[in-house]
Amino acid sequence: GENVEQHPSTLSVQEGDSAVIKCTYSDSASNYFPWYKQELGKRPQLIIDIRSNVGEKKDQRIAVTLNKTAKHFSLHITETQPEDSAVYFCAATSLLGSYNKLIFGAGTRLAVHP
Amino acid sequence: NAGVTQTPKFRVLKTGQSMTLLCAQDMNHEYMYWYRQDPGMGLRLIHYSVGEGTTAKGEVPDGYNVSRLKKQNFLLGLESAAPSQTSVYFCASSSDSGSGTDTQYFGPGTRLTVL
């Protein structure tokens, strides 16, 4: 079946450094790529997304890039802060019957040290 | 606006017992989903619904049943629980553009342990 691979599984940075999380997907028809942040014991929440007709999208300290040819997309967090510590999940759409479902990566645990 | 709510928050079952997890949303969303989250495996889709009275299988539907009798509610049932169903269960909902690109809003989760 279709899958999404996410790397690294854990990432440790110093406050103020940048963090990059990378995902690759297998379904060439994927057209939507959201990123979710999940704090410990909380629900996943959308932080940014990108559609297949866009190569890059920014929102303050967060940016996402998409390379459709290589089938990979990345999350970039600049000037990291302790409150950025969480598990981050990437996802990509894949057709299930007549419906476009989301397939999630396994997650990246980001730790930002003061 | 409560968003997406789930009950119960925690539950411990013995092998073979049954239970129902309730998901409710007040955003008038057409689409609702049930996921399970296991360590190192992300979120996997169990079942989903594209509207009141409809249900469909996701990636990992075996051992689960669902019902969507009212638009705002989506129930997940375990008829005979197994230890392999120990997991955190998340419900989500989204509006309906037909493209699968609408934001999914998640509930707080239910932590289920099957002994």
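Because the structure is predicted, anything quoted here is derived from the model rather than measured. FYI, side chains are in, hydrogens and waters are out, and symmetry mates aren't considered; it's all heavy atoms of this structure. Residue numbering restarts at 1 for every chain, and letters A, B, ... go by the order of the sequence lines.
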Cluster check B:Y89, B:Y33: I/L/V/M/F/W/Y, side chain < 4.5 angstrom: no
So the side chain to side chain donor-acceptor pair (under 3.5 Å) pairs with at least one residue in residues 80-90 of chain A (sequence neighbours excluded) are A:R61-A:D84
My understanding is that only residues two or more places apart in sequence, or in another chain, count here; which of them pass ring-ring contact (aromatic ring centres under 6.0 Å, His included) with B:H29? B:Y105
Do A:I50 and A:I62 belong together in a cluster built from hydrophobic side chains that touch within less than 4.5 Å? yes
Would you say B:L75 and B:F106 are hydrophobically clustered, going by side-chain heavy atoms of ILVMFWY under 4.5 Å? no
If you count every heavy atom of other residues, nucleotides or ligands that lies below 6.0 Å from B:E52 atom CD, does the total exceed 12? yes
Considering residues, nucleotides and ligands other than B:K71, do more than 12 of their heavy atoms fall under 6.0 Å from its NZ? yes
Between B:G109, B:A92, B:P108, B:A56, which residue shows the highest count of heavy-atom pairs closer than 4.5 Å to chain A? B:P108
Looking only at heavy atoms, the pair that brings A:P44 and B:F90 closest together is CD-CE2, 3.7 Å
Membership question, hydrophobic clusters at under 4.5 Å side-chain separation (ILVMFWY): are B:M32 and B:Y64 in the same one? yes
Under 4.5 Å, heavy atom to heavy atom: which of residues 101-114 of chain A reach chain B? Give them by number, or say none. A:K101, A:L102, A:F104, A:G105, A:A106
Looking at CG of A:D49 and CD of B:Q104, how far apart are the two atoms once the value is rounded to the nearest 0.5 Å? 11.5 Å
Within a 6.0 Å radius of atom CD on A:E15, are there more than 12 heavy atoms belonging to other residues, nucleotides or ligands? yes
In terms of heavy-atom pairs under 4.5 Å with chain A, which of B:G40, B:P39, B:G107 leads? B:G107
Is the number of heavy atoms from other residues, nucleotides or ligands under 6.0 Å of A:K68 NZ greater than 12? yes
What part of B:L45 gets closer than 4.5 Å to chain A, counting heavy atoms only: side chain, backbone, both or neither? side chain
Within residues 32-43 of chain A, which positions have a heavy-atom distance to chain B below 4.5 Å? A:Y32, A:Y36, A:Q38, A:K42, A:R43
Under 4.5 Å from any heavy atom of chain A - which part of B:Q37: side chain
Heavy-atom cut-off 4.5 Å, strictly under: side chain, backbone, both or neither for A:S9 against chain B? neither
Under a single-linkage definition using a 4.5 Å side-chain heavy-atom cutoff for Ile, Leu, Val, Met, Phe, Trp and Tyr, are B:L22 and B:V88 assigned to the same hydrophobic cluster? no
